[in-house]
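Everything on this sheet refers to the single structure shown next.
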4 protein chains.
Amino acid sequence: MGSKERREREREQRKSNILDTARELLLEKGLNATSINQIAKRAELSVGAIYFYYKDKEELFAALQLEGLELLHEAIRKAVAKKAAPDKKIRAIAMAYLQFSEEHKNYFDIINYFLTSPETIFSPELKSEIDEHGDASIAMMTLAVQEGIDAGLFKSVDPKRQAIILWAAFNGMIQLKKLQKTILAKNEYISLYGEIVDRFLDGLRV
Amino acid sequence: MGSKERREREREQRKSNILDTARELLLEKGLNATSINQIAKRAELSVGAIYFYYKDKEELFAALQLEGLELLHEAIRKAVAKKAAPDKKIRAIAMAYLQFSEEHKNYFDIINYFLTSPETIFSPELKSEIDEHGDASIAMMTLAVQEGIDAGLFKSVDPKRQAIILWAAFNGMIQLKKLQKTILAKNEYISLYGEIVDRFLDGLRV
Amino acid sequence: MGSKERREREREQRKSNILDTARELLLEKGLNATSINQIAKRAELSVGAIYFYYKDKEELFAALQLEGLELLHEAIRKAVAKKAAPDKKIRAIAMAYLQFSEEHKNYFDIINYFLTSPETIFSPELKSEIDEHGDASIAMMTLAVQEGIDAGLFKSVDPKRQAIILWAAFNGMIQLKKLQKTILAKNEYISLYGEIVDRFLDGLRV
Amino acid sequence: MGSKERREREREQRKSNILDTARELLLEKGLNATSINQIAKRAELSVGAIYFYYKDKEELFAALQLEGLELLHEAIRKAVAKKAAPDKKIRAIAMAYLQFSEEHKNYFDIINYFLTSPETIFSPELKSEIDEHGDASIAMMTLAVQEGIDAGLFKSVDPKRQAIILWAAFNGMIQLKKLQKTILAKNEYISLYGEIVDRFLDGLRV
DNA sequence: CATGAATGAGGTTTCATTCAT
DNA sequence: GATGAATGAAACCTCATTCAT
């Protein structure tokens with residue numbers, strides 16, 4: 001017995017193997033330049049095998065993004081786990097996000113690639129599922145802001161809106177990383193990222 | 001006599017015609033679905049003609065982006081033209097940028113398309129030229145912040161850094177427009193955009 | 001005891017289930033858009049199972065055609081069952097055939113699909129078996145003509161040849177159904193079909 | 001000068017060359033088995049070149065069918081050219097059609113392939129154009145029947161309807177050619193074809 | 001008996017680019 | 001200056017079939 005379980009396990013492993021290769025290539029060459037053929041070749045699989053596990057390119061890339069969002073959620077969860085003052089928590093989340101963008105640059109880029117691309121690539125259902133995953137991470141920032149308000153430290157503003165604003169600003173700044181050596185000095189974006197938190201906390205406090 | 005000028009004029013007109021068509025297609029179908037062949041067909045030109053005016057695809061798309069950056073610069077210049085208090089000026093620039101992103105959605109998307117794509121598409125020289133154009137717009141925001149500091153209204157912070165921070169936050173928020181109907185309510189991003197300025201000015205004031 | 005019969009029954013049921021699905025898909029998407037994989041998926045069977053019951057695609061589709069020919073034979077047999085004058089019988093068979101083409105459009109199309117396709121798809125043995133099945137239906141028309149001749153109503157012509165001629169004409173007309181809305185008015189082919197019988201009976205009578 | 005004309009001529013020649021190869025393969029292997037790749041290879045052209053001349057597979061095959069319909073029309077026109085009694089004319093058209101089906105078996109098969117296939121393959125516009133071409137050939141048969149009626153030789157029936165009936169019957173019979181060696185003796189379909197005309201004319205006469 | 005993973009050739013189509021005219 | 005024919009690689013995806021389990 002147990003042969004069914006083994007099959008199941010192998011199946012998952014294969015899927016994950018394909019995902020690994022896809023991620024690798026996606027980050028090496030970008031979305032358009034990453035083809036199923038290439039993934040197959042590098043994963044030492046036949047093209048057909050990939051299509052056996054993933055219905056099409058879209059499904060494959062969506063899986064990648066979901067993976068990334070889960071990882072991100074986990075990173076933020078850890079950052080916010082220890083007891084701390086609300087502003088410390090916010091800073092901790094900010095730093096966790098920055099760290100994630102560097103340590104999991106691959107996933108971060110994928111998430112943002114799809115988030116910011118003006119082309120709609122995923123089906124509505126997929127998009128919805130992905131957005132929900134993203135929502136989960138925002139919720140933790142919202143909570144931190146709420147605590148600050150409850151503690152009388154912050155103005156009485158809508159906490160979720162502040163969370164979204166911060167997230168938008170963080171994203172915007174990390175994207176500027178590309179401008180290093182032209183508009184920005186090397187790694188200047190990191191200190192700017194930090195200054196976002198300063199400025200926003202200043203703006204938030206009563 | 002003027003035959004040289006006429007030629008020059010025709011040449012410019014032709015280039016601009018190509019650009020118009022390219023922009024149209026780029027926004028209709030996205031970057032990698034826009035082919036030189038398609039541009040040629042819609043512009044009622046031969047493929048060869050396009051290659052005569054633009055060395056390759058890259059050069060063509062870079063021209064598009066430059067066009068957009070110039071338009072943006074002009075929009076901001078106008079917004080900041082009239083005398084006003086520094087915070088009003090900042091708000092005016094912010095609103096000009098938002099307005100630009102809506103009225104010239106096509107250009108805005110192109111600018112951001114290239115800015116946020118992890119693929120490096122342009123040659124270093126091109127990238128540099130493009131960045132410089134972007135710089136010009138930032139300079140105007142920098143100036144507004146500087147005025148606020150000089151007037152003793154704002155904290156004594158690096159004004160250019162604040163300009164960059166604001167710009168990053170603005171971009172980040174406008175990108176969230178895509179999340180309408182999932183995470184955000186319709187047009188919620190606009191009021192969030194406004195709140196960025198509130199919070200930031202709060203954080204900036206002495 | 002009966003376990004062998006049960007097996008046999010299950011086997012037949014499975015085969016018929018496969019056939020049902022194949023027929024469905026064949027009529028939905030046409031011959032070459034219907035794949036074994038698709039049949040397997042829709043029949044909720046494994047690909048291997050289909051190959052267990054049918055040696056290959058060809059055998060599967062031949063089975064479908066045989067099914068259809070049997071059904072057709074039965075329909076004609078019923079039409080000709082009651083005693084009637086020869087010309088009435090001929091008309092009855094004609095109408096039974098038309099009705100079959102409409103009520104069992106799926107089978108009719110399959111029969112004609114293979115009959116008229118210039119590609120030779122079946123092996124000689126298969127083709128032979130299929131033709132024999134078709135023969136059985138022709139025989140009944142032949143008989144009706146023979147009766148007319150014997151009764152002195154029809155000219156003394158070869159009855160089987162008349163049967164084949166009628167069959168050919170019927171088929172030809174039903175195929176014209178496709179021309180509705182272009183060359184033919186809607187359902188005009190039906191009244192034309194009727195007129196075939198008129199004209200041929202006129203031509204047949206002494 | 002004249003270089004434009006030469007280009008035009010070369011273009012036509014190339015298109016016709018592609019068509020020749022496509023026709024060849026289509027008749028050798030049937031529709032599904034004929035791929036653009038194969039056509040390109042045999043025509044000693046690149047795949048892209050074919051797509052330069054024909055938008056897609058559909059357009060290529062439609063061109064083939066139109067070619068065939070024109071040839072058919074011409075053949076019938078010739079057959080009916082000389083003055084003759086209406087029944088002779090009808091027989092002449094019938095024979096011209098049969099002859100066309102043998103001498104231009106390739107074209108005939110293509111015409112019928114698309115006519116009888118239950119799959120709709122052409123776009124409505126194409127289909128319409130094709131049907132119109134077919135209409136032209138029917139018109140000539142219609143005229144012959146009309147003459148017979150006018151001359152008091154035939155019953156007063158709708159002449160176009162008789163033309164369509166005959167055409168359907170002819171098609172139906174020619175398709176039976178495939179049954180040679182099983183249901184029919186070799187070339188029996190030819191004499192049956194002739195008998196269709198006998199029977200029909202008998203049925204038509206007053 | 002039945003499964004379903006795997007193959008890999010082959011399908012249609014698009015692409016950026018070149019170059020003879 | 002401008003044309004447009006040609007290339008051929010590469011894109012995504014599907015197929016019939018096999019076979020170890």
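Numbered from 1 within each chain, the chains take letters A, B, ... in sequence-line order. Bear in mind the structure is a predicted one, so any value in this text is a computation, not a measurement. Computed over heavy atoms, backbone and side chain alike; hydrogens, waters and symmetry mates excluded.
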- [ ] Indicate yes or no: at least one non-hydrogen side-chain atom of A/T34 is less than 4.5 angstrom from one of A/E28.
- [x]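 No, too far: nothing below the 4.5 Å cut-off.
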- [ ] Compare all side-chain heavy atoms of D/T21 with those of D/L45 and state whether any distance is below 4.5 angstrom.
- [x]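 Contact flag for D/T21/D/L45 side chains = no.
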Task: DNA chain F stem ranges, 3 or more consecutive Watson-Crick or G-U pairs under 3.5 angstrom - done: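 Result, WC/G-U stems under 3.5 Å: E:2-21 with F:2-21.
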Open item on the list: Let's see if you get this right: which residues in residues 48-57 of chain B place a heavy atom under 4.0 Å from DNA chain F?
Closed with: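 Result for residues 48-57 of chain B: B/G48, B/A49, B/F52, B/Y53, sorted by number.
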Task: Short side-chain to backbone donor-acceptor contact, D/E59 and D/D56, under 3.5 Å - done: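 Looks like no, no N/O pair under 3.5 Å.
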TODO: Verify, without hydrogens or angle tests, whether A/Q38 (side chain) and A/S35 (backbone) share a donor-acceptor contact under 3.5 angstrom.
DONE: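 Answer holds: yes.
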What's the [atom1]-[atom2] distance between [X] and [N], to the nearest Å?
X	N	atom1	atom2	value
D/E59	E/dT12	CD	P	15 Å
A/I36	F/dC12	CD1	P	6 Å
D/L60	E/dG11	CG	P	14 Å
D/E44	F/dG8	CD	C1'	16 Å
C/K15	E/dA2	NZ	P	13 Å
D/K29	E/dG11	NZ	C1'	13 Å
D/I39	E/dG10	CD1	P	16 Å
B/I18	F/dT3	CD1	C1'	13 Å

Does [N] have OP1 or OP2 under 4.0 Å away from a side-chain N or O of [X]?
X	N	answer
A/S35	F/dA10	no
B/S46	F/dG4	no
D/R14	F/dA6	yes

Open item on the list: If you assign B/L45 and D/N37 each to the DNA chain F nucleotide with the nearest heavy atom, which residue ends up on the more 5' nucleotide?
Closed with: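 Here B/L45 is the residue nearer the 5' end.
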- [ ] Name the residue closer to the 5' end of DNA chain F, choosing between C/T34 and A/T34 according to the nucleotide with the nearest heavy atom.
- [x]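 Looking at DNA chain F, the more 5' nearest nucleotide goes with A/T34.
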Open item on the list: What verdict does the side-chain contact (heavy atoms from CB on, under 4.5 Å) test give for D/L60 and D/K57, after you've listed the backbone C-alpha separation in whole Å, the side-chain angles of each residue and the deciding distance to 0.1 Å?
Closed with: CA-CA 5 Å; D/L60 178 54; D/K57 227 190 169 191; 5.6 Å; no
Task: Side-chain donor-acceptor contact under 3.5 Å, C/R11 with C/Y53 - done: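 C/Y53 and C/R11 do not have a side-chain donor-acceptor pair below 3.5 Å.
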Open item on the list: If you apply the rule side-chain contact (heavy atoms from CB on, under 4.5 Å), what do you find for D/E67 with D/R23, and how did you get there?
Closed with: CA-CA 10 Å; D/E67 244 189 24; D/R23 199 186 317 118; 3.0 Å; yes
- [ ] Ignoring the backbone of B/Q38, work out which of F/dA11, F/dA2, E/dC15 is nearest its side chain.
- [x]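 Nearest to the side chain of B/Q38 among the choices is E/dC15.
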TODO: Show your reasoning for whether side-chain contact (heavy atoms from CB on, under 4.5 Å) applies to A/K55 and A/Y51.
DONE: CA-CA 6 Å; A/K55 171 171 143 285; A/Y51 278 91; over 6 Å; no
TODO: Take D/I111 and D/F108 through the test side-chain contact (heavy atoms from CB on, under 4.5 Å) and record every step on the way to the result.
DONE: CA-CA 5 Å; D/I111 293 172; D/F108 182 83; 5.7 Å; no
